[in-house]
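Presented below is the structure to which this report refers.
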Amino acid sequence: MFVLVEMVDTVRIPPWNFQRQLNDAIAEELNKKLANKVVYNVGLCICLYDITKLDDSYIFPGDGASHTKVHFRYVVFHPFLDEILVGKIKYCSQEGVHVTMGFFDDILIPPESLQQPAKFDEAEQVWLWEYETDEGAHDLYMDQGEEIRFRVTDEVFVDTSPTGPAAAATDTPGSGEKKEPPYTLIGTICEPGLGLLSWWNN
């Protein structure tokens, strides 16, 4: 679920931080820049793990800050395919069941990956599993906040870098286009979770 990723970046330290230890100042700047951000094709950055190498620092003309090339390792949330995770249902829609892990919300279980047979209740805005028993079928609702286990089957990265004026003109406010999250996990349900079966068997 979490991996260590080796990265290289040039870190700018403003003059008012010169009195601090260089490693501490660099660690703070790296966390400001990367923590809780998605790096394209890497994953969701969590926190700095360690600094492995510092190159020489330079001060450029017209800028009183120091600039240091830093080699470091960062803790990144990037589950591998087929990994089983535990989350909670955030909400349901026609697109499927949206799951949150508390620190990461962009997880989708599409309808075809739910326990079958499943159907969407328009009135309640929830998915339900038509669970077969000896006494017949029973509707088990996938309610918001219920715990669920899922297996990661795919991941989608979207480049959200700033676009040029021509591209920005086509994406004007009110155009109705849904903003894509930079990193989405696609999953398949492993078991009902939800406490539903334990509730029914009791």
Side-chain angles (χ1 to χ4, degrees), residues 1-3 5 34-46 75-163 167 170-202:
M1 179 163 64
F2 296 102
V3 295
V5 178
L34 293 173
N36 205 31
K37 305 287 196 310
V38 170
V39 176
Y40 187 67
N41 283 338
V42 174
L44 175 66
C45 294
I46 304 299
V75 179
V76 173
F77 173 70
H78 188 179
F80 56 84
L81 295 183
D82 289 330
E83 183 171 0
I84 294 176
L85 303 175
V86 178
K88 290 186 177 181
I89 295 178
K90 187 177 181 184
Y91 67 94
C92 296
S93 71
Q94 291 279 10
E95 295 177 339
V97 176
H98 300 260
V99 180
T100 178
M101 297 183 69
F103 63 92
F104 185 74
D105 293 343
D106 296 315
I107 304 167
L108 174 66
I109 301 176
E112 62 272 16
S113 297
L114 298 172
Q115 294 278 359
Q116 299 298 325
K119 65 181 180 181
F120 187 65
D121 188 322
E122 291 281 356
E124 298 288 340
Q125 287 293 297
V126 295
W127 282 92
L128 56 90
W129 174 30
E130 296 175 305
Y131 179 59
E132 294 287 343
T133 69
D134 294 337
E135 301 173 2
H138 297 272
D139 293 341
L140 301 183
Y141 287 81
M142 301 182 185
D143 292 320
Q144 181 178 351
E146 296 290 352
E147 191 172 273
I148 194 168
R149 290 179 65 203
F150 63 95
R151 186 175 73 252
V152 179
T153 58
D154 198 7
E155 60 183 10
V156 179
F157 283 95
V158 176
D159 188 356
T160 57
S161 302
T163 55
T170 63
D171 190 21
T172 55
S175 60
E177 278 198 37
K178 186 179 178 182
K179 188 176 180 182
E180 295 273 356
Y183 179 40
T184 303
L185 294 178
I186 309 298
T188 182
I189 196 167
C190 290
E191 63 178 39
L194 320 173
L196 292 177
L197 283 184
S198 60
W199 171 83
W200 177 256
N201 290 332
N202 288 336

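With sequence neighbours left out, I84 forms a side-chain contact (heavy atoms from CB on, under 4.5 Å) with R149, R151, C190. Remark: Q144 engages no residue in a side-chain contact (heavy atoms from CB on, under 4.5 Å) (not counting sequence neighbours). D159 is linked by a side-chain contact (heavy atoms from CB on, under 4.5 Å) to Y40, S161, counting only residues two or more places apart in sequence or in another chain. A search for side chain to side chain donor-acceptor pair (under 3.5 Å) contacts involving N36 returns nothing, not counting sequence neighbours. In terms of the side-chain contact (heavy atoms from CB on, under 4.5 Å) criterion, residue partners of V156 (sequence neighbours excluded) are, by chain and number, V158, T184, I186. F103 pairs by the ring pair (Phe, Tyr, Trp, His ring centres under 6.0 Å) definition with F2, F77, not counting sequence neighbours. The side chain to side chain donor-acceptor pair (under 3.5 Å) check on S93 picks up H98, with sequence neighbours excluded.
The CG atom of L108 sits 10.5 Å away from atom CZ of F150, with the distance rounded to the nearest 0.5 Å. Once rounded to the nearest 0.5 Å, the distance linking CE of M1 with CD1 of I46 reads 9.0 Å.
Residue pairs meeting the side chain to side chain donor-acceptor pair (under 3.5 Å) criterion with at least one partner in residues 101-112, sequence neighbours excluded, are K90-D105, T100-D105. Residue pairs meeting the salt bridge (Lys or Arg N to Asp or Glu O under 4.0 Å) criterion with at least one partner in residues 119-128, sequence neighbours excluded, are K119-E130.
Taking every heavy atom of both residues into account, F157 and N41 meet most closely at CD2-N, 3.3 Å. Taking every heavy atom of both residues into account, G87 and M101 meet most closely at CA-CG, 4.4 Å. For the residue pair P110 and G187, the shortest heavy atom distance occurs at CD-O, 3.4 Å. Taking both residues in full, the closest heavy atoms of V76 and V42 are given as CG1-O, 3.6 Å, listed atom of the first, atom of the second, then distance. Residue Y183 comes nearest to H78 through the heavy atom pair OH-CD2, 3.3 Å, listed as atom of the first residue, atom of the second, then distance. For P79 against E155, the heavy-atom pair with the smallest separation is O-OE1, 4.2 Å.
At least one side-chain heavy atom of F120 sits less than 4.5 Å from a side-chain heavy atom of C92. Side chains of Y91 and Q125 form no contact here, defined as non-hydrogen atoms less than 4.5 Å apart. Looking at F104 and L185, their side chains come closer than 4.5 Å, going by heavy atoms from C-beta outward. Between L114 and V97 the shortest side-chain heavy-atom distance falls below 4.5 Å.
At least one donor-acceptor pair under 3.5 Å links the side chain of E83 to the backbone N or O of F80. Here the side chain of S113 pairs no donor or acceptor atom with the backbone of T188 at under 3.5 angstrom. Without hydrogens or angle criteria, E147 side chain to V86 main chain gives no donor-acceptor distance under 3.5 Å.
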- [ ] For V126 and D143, run side-chain contact (heavy atoms from CB on, under 4.5 Å): C-alpha distance rounded to whole Å, both residues' side-chain angles, the deciding distance at 0.1 Å, then the answer.
- [x] CA-CA 7 Å; V126 295; D143 292 320; 4.2 Å; yes

TODO: Would you please test I148 and I109 for side-chain contact (heavy atoms from CB on, under 4.5 Å) and show each step?
DONE: CA-CA 11 Å; I148 194 168; I109 301 176; 4.3 Å; yes

